[in-house]
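Note that this is a predicted model, so its numbers are computed, not measured.
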Protein chains: 2
Amino acid sequence: MAVTIKDVAKLAKVAPSTVSRVIANNPRISEKTKKKVREAMDELGYHPNFIARSLASQSTQAIGLVMPSSTDVVFQNPFFPTVLRGLSEGAHEKHYALYMTTGKTDNEILDGVTQMVQGGRVDGVVLLYSKIEDKVLMYLQERGIPFVVIGKPFKHVEEITHVDNDNFRATKEVTEYLIQLGHDHIAFVGGNLNLVVTVERLLGYEKALREAGISLNDEYIVHEEFLREGGQEAVRELLSLKVPPTALVVADDLMALGVLNTLDELGIKVPEDISIISFNNVLVSEMSRPPLTSVDINIFDLGFDAARSLIQKIENPKEPIKRIIIPHQIVKRFSCSFPNEERVFLPQKGTFS
Amino acid sequence: MAVTIKDVAKLAKVAPSTVSRVIANNPRISEKTKKKVREAMDELGYHPNFIARSLASQSTQAIGLVMPSSTDVVFQNPFFPTVLRGLSEGAHEKHYALYMTTGKTDNEILDGVTQMVQGGRVDGVVLLYSKIEDKVLMYLQERGIPFVVIGKPFKHVEEITHVDNDNFRATKEVTEYLIQLGHDHIAFVGGNLNLVVTVERLLGYEKALREAGISLNDEYIVHEEFLREGGQEAVRELLSLKVPPTALVVADDLMALGVLNTLDELGIKVPEDISIISFNNVLVSEMSRPPLTSVDINIFDLGFDAARSLIQKIENPKEPIKRIIIPHQIVKRFSCSFPNEERVFLPQKGTFS
DNA sequence: TTGTAGGCGTTATCAG
DNA sequence: CTGATAACGCCTACAA
C-alpha cells in the first residue's frame with residue numbers, strides 16, 4: 001500500500017538493491033545515481049519501513065525502557081520525566097527510538113521485558129531503577145541482552161554497565177556538612193530499602209558519623225516509602241524521641257516536602273529548630289518553604305549517558321563493561337543552619353503536659 | 001539464531017503454518033495438535049518474533065506517544081508520569097506496546113512522528129497535549145492515521161477523537177465557589193496561551209464572573225509559563241495593583257506552589273489574606289502549606305481512556321469519532337476561605353512607605 | 001558501480 | 001483439520 005523501495009527503483013530506473021544502498025548511503029554508489037534515486041524518493045514521498053528493515057538486518061534501532069512498578073509511589077516522582085528526557089535525547093542523537101514497558105507487578109514487568117526482548121522489538125534495554133534481587137536484571141544477564149542500569153546494581157557491580165551517582169559519597173558529604181555546622185544529632189530518613197540507592201545513602205550517612213566519632217543510634221534511622229504519608233509517621237516518631245535529632249538527612253526531595261509539612265504542623269521551625277537536607281534537587285525543592293538544600297544528582301545526565309552507553313554497547317558488543325559516575329553537587333538553600341542551643345522537646349509518649 | 005516457528009514445527013512434526021495457527025489460537029486446529037505444538041514451544045522456549053509478525057500482518061500492536069517539547073517546562077510536570085501510567089495500563093490490557101517520541105523543537109517532534117508512523121512502527125498515535133495550530137495533529141489528520149488527543153483539539157473538535165476534562169466547566173465551578181465564599185476580586189493566573197487547556201480555563205473563569213455580574217478586569221488576568229519563575233512575576237504584579245485580588249484561580253498546581261512561595265515572601269497569608277485554588281491535584285498539592293484546594297482532573301483516566309479508544313479505533317477503522325469527558329472534582333483543602341475584611345495593600349509602585 | 005536472488009520469521013491463501 | 005507456498009519490505013552476498 002505505502003510506497004516501497006520497489007516503486008522508487010522503478011521510477012529511478014534502477015534495481016531495488018540500489019535504492020537500498022542509497023538509503024544506507026553506501027559509498028560504492030555513484031553520486032549520480034544517488035541523486036537520481038533521492039529525487040525519486042522525494043517525488044514519491046518514500047519513507048523506509050523500519051519493520052522490514054529490522055527483520056532483514058536483525059536490528060531494530062530501538063531501545064526498551066523498564067520502569068519500576070507503576071503502582072509504586074516512586075513512579076510519581078518528578079525524577080522520571082527528567083530521566084526520560086535525558087534518555088530521549090541520548091537516543092535521538094543516535095537515531096534510536098524508545099520503547100516503554102511498565103506493569104503493576106514484578107511479573108507483569110518481567111513479562112513485558114521478555115516480550116519486547118525475545119519478540120525482537122528492541123536491541124537493548126535500560127533499567128530505570130536498581131533494586132535488590134531483581135528478576136528482570138537476572139533475566140537480561142542470563143540471556144546476554146545488552147543492557148545498562150541507572151543506579152548501582154545490587155550484585156555483580158563489576159560485570160554490569162551502569163550509570164549512577166556516587167550516592168555513598170554524596171550522602172557522606174552531606175552528613176559531614178551538617179556535622180560541620182555543629183550538628184551531632186543527625187537522623188536519616190530513607191526510602192524503600194529494596195532500592196539500592198537507599199542502601200548506599202544510608203551507608204554514606206553512617207560512614208560520616210563514624211568518622212566524626214559520633215555514635216550511631218538506631219532510633220535515628222527510619223525508612224518509609226518515598227513521599228507523602230511516609231514522611232509523617234517517620235518524623236513524628238523521630239521527634240518524640242527523648243533526644244530528638246537537630247538535623248535530618250532525607251533521601252528524596254518529595255519525602256522532604258512531607259517532612260517539612262509535618263514539622264510545620266508540629267510547630268517546629270526549619271531551619272531554626274531543625275535542619276533538613278535532601279536529594280535530587282527536583283523543581284519543587286526550590287519552591288518549598290523554606291527552599292530545600294538538596295543535592296543535585298543531574299538526573300538528565302543519568303538518562304542521557306545511559307542511552308549513550310547502551311547504544312555503544314549494542315553497536316559494539318565487545319564494548320567493555322563501564323561504570324559511569326555522574327557528578328553531584330550540593331545546592332545550598334535555606335533548610336540548614338547551626339543547631340539551636342535551646343532544643344525543642346516534644347512531649348514524650350506517656351508524658352502528660 | 002533464536003528459535004523460530006520452523007524449529008517448533010520440526011519438533012512437533014507439523015508444518016510451520018500449523019504452528020502459526022496455534023499461536024493465533026485458530027479454532028480449526030485440533031486440540032490434540034495444539035497441545036503437541038505448545039509442548040514443543042515450551043520445550044524450545046519459543047517466543048514469537050513481533051517484527052516478522054508485524055511485517056506479515058501489517059500491524060504492529062504498538063501505539064506511539066507524542067510528548068510536548070522536552071525543553072518545555074510542562075514536560076517537568078508530574079502530570080506526565082501519571083498519564084503515562086494510565087496509557088500504559090490501557091495499552092497493556094489490550095496487549096499493545098508503547099512507543100515514545102520526544103524532541104526539542106516542533107520540527108524534531110514532527111520528524112519523529114512521521115518516522116514512526118510512516119516507518120510502520122506504530123498502528124496509531126496519542127497526542128499528550130493539545131495546542132494551537134499543531135503541525136503534528138494536522139499531519140496525522142491529513143494522512144488518516146488513527147490518533148486521539150488528550151485534551152481538547154483546537155479546531156475540528158467534532159472530527160477528532162479526544163479525551164478531555166470539561167475544563168471550561170471546572171474553572172467556572174471553581175470561580176463560582178470563590179464567589180460563593182464572598183470574593184469579588186478574583187484573578188486568573190494562567191499558563192501558556194498556546195495550550196488550549198489554558199484558553200478553556202480562562203473562558204470558564206470569565207463566564208463565571210460575567211454570570212455573577214462581576215466586571216472583568218484585564219489586570220486580573222495574567223499568563224506565565226507553568227512553574228517556577230512564572231508565578232513570581234505574575235503574583236508581584238497582581239499584588240501591586242491598586243485593588244489587589246482577594247482570590248486567585250491558578251491553572252496548575254506547580255504554578256500555585258510558586259505563587260504560594262512568593263506570597264510567603266511578601267508576608268501575605270493564605271488563606272487569610274488571599275485564597276488560592278488550582279488544578280490537577282498532583283501529589284505536591286497536598287504537601288504544600290497550606291495544602292492546596294485543587295481540582296482533581298483524574299489524570300490517570302485521561303491516559304487510560306485515551307489508550308483504550310485509540311486501540312478501538314485501530315481495530316475498527318469505522319469506529320465513530322468520540323469525545324470522552326473525564327469527570328473532575330474539587331478537592332477542598334486549606335487554601336481558600338472567606339475574604340478578609342481588612343484588606344492588605346502592598347505599597348504601590350512609586351509610593352514611598 | 002549495479003543487478004539478481006535468497007532470506008529474515010510470520011501470516012495468509014490455496015489446496016487437499 | 002493441515003500442509004505448501006507466496007507475500008510483507010528490505011538487506012546482502014554473489015555475480016556481472
Side-chain angles (χ1 to χ4, degrees), chain A residues 1-38 40-41 44-62 95 115-123, chain B residues 1-38 40-41 44-62 95 97 115-123 315:
Chain A
M1 38 178 75
V3 21
T4 80
I5 216 174
K6 286 183 191 167
D7 304 317
V8 177
K10 213 170 291 169
L11 204 167
K13 296 195 210 298
V14 295
S17 51
T18 304
V19 178
S20 174
R21 291 191 181 101
V22 173
I23 294 172
N25 203 9
N26 187 318
R28 316 190 306 187
I29 298 287
S30 72
E31 279 308 321
K32 201 172 140 202
T33 36
K34 271 190 188 170
K35 195 176 156 213
K36 196 170 56 179
V37 170
R38 293 216 173 95
M41 298 200 312
L44 297 176
Y46 170 78
H47 276 261
N49 182 317
F50 281 98
I51 300 295
R53 174 194 297 220
S54 300
L55 186 57
S57 65
Q58 301 288 54
S59 101
T60 60
Q61 295 264 99
H95 307 286
Q115 281 201 14
M116 78 179 179
V117 166
Q118 315 247 25
R121 288 215 214 240
V122 299
D123 295 335
Chain B
M1 38 183 76
V3 25
T4 80
I5 216 174
K6 286 181 189 166
D7 303 318
V8 177
K10 212 169 293 170
L11 206 169
K13 295 192 211 298
V14 295
S17 48
T18 303
V19 178
S20 172
R21 286 193 262 260
V22 344
I23 293 172
N25 204 8
N26 188 319
R28 315 189 307 188
I29 297 286
S30 72
E31 279 308 323
K32 200 172 141 203
T33 37
K34 273 190 188 172
K35 195 175 155 216
K36 196 171 54 179
V37 170
R38 293 213 174 98
M41 298 200 310
L44 297 176
Y46 169 78
H47 277 261
N49 182 317
F50 280 98
I51 299 294
R53 175 192 297 216
S54 299
L55 185 58
S57 65
Q58 301 288 57
S59 100
T60 60
Q61 297 264 98
H95 306 286
Q115 280 201 13
M116 78 178 178
V117 166
Q118 315 247 26
R121 288 215 214 241
V122 300
D123 295 335
E315 298 187 340

For atom CG of B:Leu55 and atom C1' of D:dC10, their distance in whole Å: 8 Å
side-chain contact (heavy atoms from CB on, under 4.5 Å) against B:Ala52, all qualifying residues, sequence neighbours excluded: A:Leu55, B:Asn49
Reading 5' to 3' through nucleotides 2-7 of chain D, protein heavy-atom contacts under 4.0 Å coded B for base, S for sugar-phosphate only, - for none: BBB---
Residue whose nearest DNA chain D nucleotide is more 5′ - B:Pro27 or A:Ile51: B:Pro27
Atom pair distance, as rounded to whole Å: CE in A:Met41 and P in D:dC10: 11 Å
Sugar-phosphate, base or nothing in reach of A:Tyr46, heavy atoms under 4.0 Å: sugar-phosphate
The single option from B:Leu11, B:Val37, B:Ile5, B:Asp7 passing side chain to side chain contact (heavy atoms under 4.5 Å, CB included) against B:Tyr46: B:Ile5
Integer-rounded Å distance: C:dG9 P and B:Lys10 NZ: 12 Å
Please output the side-chain donor-acceptor pairs of residues 23-36 of chain B that fall under 3.5 Å, not counting sequence neighbours, one pair per line with the distance.
unit_1: B:Asn25; atom_1: OD1; unit_2: B:Lys34; atom_2: NZ; d: 2.9
unit_1: B:Asn26; atom_1: OD1; unit_2: B:Arg28; atom_2: N; d: 2.8
unit_1: B:Ser30; atom_1: OG; unit_2: B:Thr33; atom_2: N; d: 3.2
unit_1: B:Ser30; atom_1: OG; unit_2: B:Thr33; atom_2: OG1; d: 2.7
unit_1: B:Thr33; atom_1: OG1; unit_2: B:Ser30; atom_2: O; d: 3.0
unit_1: B:Lys34; atom_1: NZ; unit_2: B:Asn26; atom_2: O; d: 3.3

Between C1' of C:dC8 and CG of B:Asn49, the distance in whole Å: 8 Å
Pairwise distance NE2(B:His95) to CD(A:Gln115) - rounded to 0.5 angstrom: 8.0 Å
Spacing of A:Leu44 atom CG relative to D:dG9 atom P, expressed in whole Å: 14 Å
Phosphate OP1/OP2 of D:dG9: any A:Arg53 side-chain N/O under 4.0 Å: no
Atom-pair distance (NZ on A:Lys6; C1' on C:dG3), nearest Å: 15 Å
A:Gln118 CD - C:dC8 P separation (whole Å): 19 Å
Presence of A:Gln58 side-chain N/O under 4.0 Å of C:dG9 phosphate oxygens OP1/OP2: yes
Distance (rounded to the nearest 0.5 Å) between A:Ser59 OG and B:Ile51 CD1: 9.5 Å
Shortest side-chain distance from B:Ala52, nucleotide among D:dC10, C:dT11, C:dG9: C:dG9
For A:Ala12 against A:Ala40, the heavy-atom pair lying closest together: CB-CB, 3.9 Å
Sugar-phosphate only, base, or nothing, as touched by A:Ile5 at under 4.0 Å among non-hydrogen atoms: sugar-phosphate
Smallest separation among heavy atoms of A:Asp123 and A:Gln61, with atom names: OD2-N, 2.8 Å
Rounded interatomic separation in angstrom, taking CD1 from A:Ile23 and P from D:dT12: 11 Å
